[in-house]
Structures are given as C-alpha cells and as structure tokens.
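Model, not experiment: these values are computed from the prediction. Residue numbers begin at 1 in each chain, while the letters A, B, ... track the order of the sequences.
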Amino acid sequence: AARLSGGENRLVSLPLSRIRVIMKSSPEVSSINQDALFLTAKATELFVQYLASYSYKHGRGKEKNALTYSDLSHTAEECETFQFLADILPKKILASKYLKMLEKEKRDGELGECDEEDNDEEDDNEAVDEAVGS
Amino acid sequence: MAERPEDLNLPNAVITRIIKEALPDGVNISKEARSAISRAASVFVLYATSCANNFAMKGKRKTLNAGDVLSAMEEMEFQRFIAPLKESLEVYRREQKGKKEARKDKDRKTDSEEQDKSREDDNDDDDERMEEEEQNDEEEVDN
C-alpha cells in the first residue's frame, strides 16, 4: 500500500507508488530505479511549490489574497520555464465572448475551430481524460 | 496493474498541503487552481520521465537512475532543484540503508518468497518491497 502522508517531517509527501504509475504510463520507459523514483517525486513537490509561488508572486490574484487559475495560466504563457504547461492551462474567456466569436466567424463565412476553452466561473472540466477528481 | 485514469492524478490533499506551504499564510486557493496545479504536476512527471529516459537511452541503459533524473532537471531548466534534490537523496539513501539492515535481520526467511512474487507482477505498490528488487545500480528488471 502507498505510504500515507504523515506530517511535514516526511522526506517526501507524494506517494511513490502513484508517481511510479504515472512514470510507467510513458511508453518508452522500461524500469525505474528506486532513487530515480524518489527524486522524481521530490522534484514534483519542488515543482508544485515553484509553480504556486511564482504564479502568486507575478499574478493578480494576490490583490484579493488568492491564487487563481488565471495566475497559473498567465505563468504558463509568460514564463519560458513553464511553457510546457501552456496547453493544459489555457487562457480562459467568458462564455459570452466565445459565443460572440463563433457568431462572428459564422458571419465571415468560416466555421473555424477555436482552441479557446469556453468557461464559466468555476470550471472543473478537466482537459484531460479523467472523471471528476475526488 | 492496470491504470485507471484517476491513477494518473496525484492525491488532492497532498497537493493542497504542498501549495499551502509555498504561499503566505491565509492565501486562498481556488478549487480550480488546485486542480490545475495537480494536472500540471502530472504533466511534469511525464515530461521529466521522458527527458530522463533520453539520458538513460544515451547511456544504453534500460533503467532510469538518479543521474538521469538530475540531468533531466538541468535540461528542463529547473537547475534550482538540483542542490535540494541531491541533499534529499543523501538522506533518503541513508534511510533506505537503515531499513534494509533492519529487514535483513527480521525477514531472512521470507526474502526469497517476496522476490518471486515481485517478479511475476509489475508493481506491488509497496515501496518497501520495491527496494528489494531495485538496487541503486542498474538492474534489468522485467516488466
């Protein structure tokens, strides 16, 4: 069974077993040594902290004492290090704007595809396959 | 072990705690932001794995090792992680070594049983068991 995360004293909080599952879903990977698994888990924790703190620092959410989706999406767009996230953290536009865009495109004779996600305020639609998370 | 889509996610509670540790006290994190960070973390794992694997392949190895992961961090421009990762790795290795010694004394009999079991199946989800089949050097473990 995966280790239950204890307190902040633990060397790593993310469960190694779960990290391993994700790593193994990568087709070219055959096996993973224990140290590599640990380092990946630890690196992921550092990454989460870095992404969160960077986004908070450079975003507008802090005007309301919050970290928002928009802060994250902004980071993915503006900061080169985080650009690999751009596809999964797309900028959002209001649904009303999106509909207007669609109408305009129709009028212009194009039924173009728009990459923008249409969104309401609370968007729990995962771009990726999984069911709504626990 | 078959992967269900949920398994590619990381536990929400842990992610939330890690985020909170990185931000000033009292900052709110929207559910949406938390969920986005969680997805980003999964993508990070995939990206790091793929990158590390390239280094392993360059070295003609089939097993990803610590060096590959550290090289991946460099390549991905997360050099800032390297020093803290190396430190943590030292501690981790010492911990594992200590556990192994303790195990050897206790479970001498069941050692061979466990090794057979872990060979037929891909993953036991048991971190401690994994130690026994994967040493710090390369091992061509079958999957």
Side-chain angles (χ1 to χ4, degrees), chain A residues 1-3 5 8 11-26 28-36 38-40 42-49 51-53 56 62 65-69 71-72 80-81 84-85 88-89 122-124 126-131 133-134, chain B residues 3 5-12 14-15 17-19 21-23 26-33 35-37 39-50 52-53 62-66 68-70 73 77 81 84-85 88-89 91-92 95 123 125-127 130-131 134 136 141 143:
Chain A
R3 278 195 195 119
S5 33
E8 290 74 24
L11 198 49
V12 64
S13 314
L14 289 171
L16 296 190
S17 54
R18 190 72 65 84
I19 296 282
R20 191 173 199 265
V21 169
I22 301 172
M23 292 175 85
K24 299 274 286 182
S25 74
S26 195
E28 328 89 46
V29 171
S30 37
S31 51
I32 304 157
N33 126 339
Q34 190 68 6
D35 284 352
F38 169 78
L39 282 182
T40 304
K42 191 71 192 168
T44 306
E45 289 187 10
L46 295 176
F47 170 78
V48 168
Q49 292 182 324
L51 176 61
S53 57
Y56 182 71
K62 64 175 171 299
N65 201 39
L67 177 67
T68 63
Y69 175 86
D71 295 335
L72 298 167
E80 224 183 274
T81 313
F84 70 97
L85 298 172
I88 61 150
L89 300 177
E122 267 290 88
D123 180 8
D124 265 336
E126 305 300 343
V128 188
D129 34 27
E130 70 272 16
S134 46
Chain B
E3 293 146 21
E6 314 87 79
D7 287 351
L8 298 182
N9 290 333
L10 295 162
N12 286 332
V14 180
I15 292 287
R17 177 152 39 86
I18 298 170
I19 297 171
E21 284 169 12
L23 299 176
V27 173
N28 293 316
I29 305 143
S30 67
K31 193 169 165 208
E32 196 179 19
S35 165
I37 293 179
R39 290 201 311 275
S42 297
V43 170
F44 174 83
V45 174
L46 288 171
Y47 183 17
T49 301
S50 171
N53 196 54
K62 282 201 217 159
T63 306
L64 290 193
N65 64 25
D68 299 327
V69 178
L70 293 172
M73 293 300 115
E77 297 187 24
F81 293 173
L85 284 176
S88 301
L89 183 59
V91 180
Y92 180 71
E95 259 186 28
N123 186 8
D125 256 18
D126 186 340
D127 298 341
M130 286 198 306
E131 293 167 38
E134 292 179 318
N136 288 345
V141 176
N143 292 303

Decide whether S31(A) and T63(B) meet the rule of one side-chain donor and one side-chain acceptor closer than 3.5 Å.
yes

Can you see which heavy atom on F47(A) is nearest to which on F44(B), and at what distance?
CD1-CD1, 3.5 Å

Give, for atom OG of S88(B) and atom CG of L46(A), the distance between the pair rounded to the nearest 0.5 Å.
7.0 Å

Please test L10(B) against R18(A) for side-chain contact (heavy atoms from CB on, under 4.5 Å), starting from the C-alpha separation and ending with a verdict.
CA-CA 7 Å; L10(B) 295 162; R18(A) 190 72 65 84; 4.0 Å; yes

Between Q49(A) and I18(B), which heavy-atom pair has the shortest distance, and what is it?
CG-CG2, 3.5 Å

Output for pair (D35(A) CG, L85(B) CG), nearest 0.5 Å, gives 12.0 Å

Heavy-atom closest pair, residues Y56(A) and L23(B):
CB-CD2, 3.6 Å

Residue from I37(B), I15(B), I29(B) scoring the most non-hydrogen pairs under 4.5 Å with chain A is I37(B)

Spacing of CG belonging to L67(A) relative to CD belonging to E32(B), to within rounding of 0.5 Å:
11.0 Å

With only heavy atoms counted, which part of I22(A) is less than 4.5 Å from chain B, the side chain, the backbone, both or neither?
both

Mind running side-chain contact (heavy atoms from CB on, under 4.5 Å) on L89(A) and R39(B) for me, showing each step along the way?
CA-CA 9 Å; L89(A) 300 177; R39(B) 290 201 311 275; 4.2 Å; yes

With a 4.5 angstrom heavy-atom cut-off, is it the side chain or the backbone of L72(A) that approaches chain B, or both, or neither?
side chain

Where does T81(A) contact chain B at under 4.5 Å (heavy atoms): side chain, backbone, both or neither?
both

Side chain, backbone, both or neither: which part of L39(A) has a non-hydrogen atom closer than 4.5 Å to chain B?
both

So OG of S42(B) and CE of M23(A): to nearest 0.5 Å the spacing works out to 12.5 Å

Partner chain A: residue of L70(B), V91(B), N28(B), I19(B) with the largest heavy-atom pair count (under 4.5 Å)
N28(B)

Would a distance-only check, ignoring hydrogens and angles, find a side-chain to backbone donor-acceptor pair under 3.5 Å from S26(A) to T49(B)?
no

Given that the side chain runs from C-beta out, which part of D68(B) has a heavy atom under 4.5 Å from chain A: side chain, backbone, both or neither?
neither

Quick one: does any side-chain atom of N65(A) pair with a main-chain N or O of G26(B) as donor and acceptor, under 3.5 Å?
yes

In terms of relative ring orientation, are Y92(B) and F38(A) parallel, tilted or perpendicular, with 30° and 60° separating the classes?
parallel

Closest contact, heavy atoms only, F81(B) versus A43(A)
CE1-O, 3.9 Å

For S25(A) versus L46(B), what's the shortest heavy-atom pair and its separation?
OG-CD2, 3.5 Å

Closest non-hydrogen atom pair, A22(B) against S53(A):
O-CB, 3.8 Å

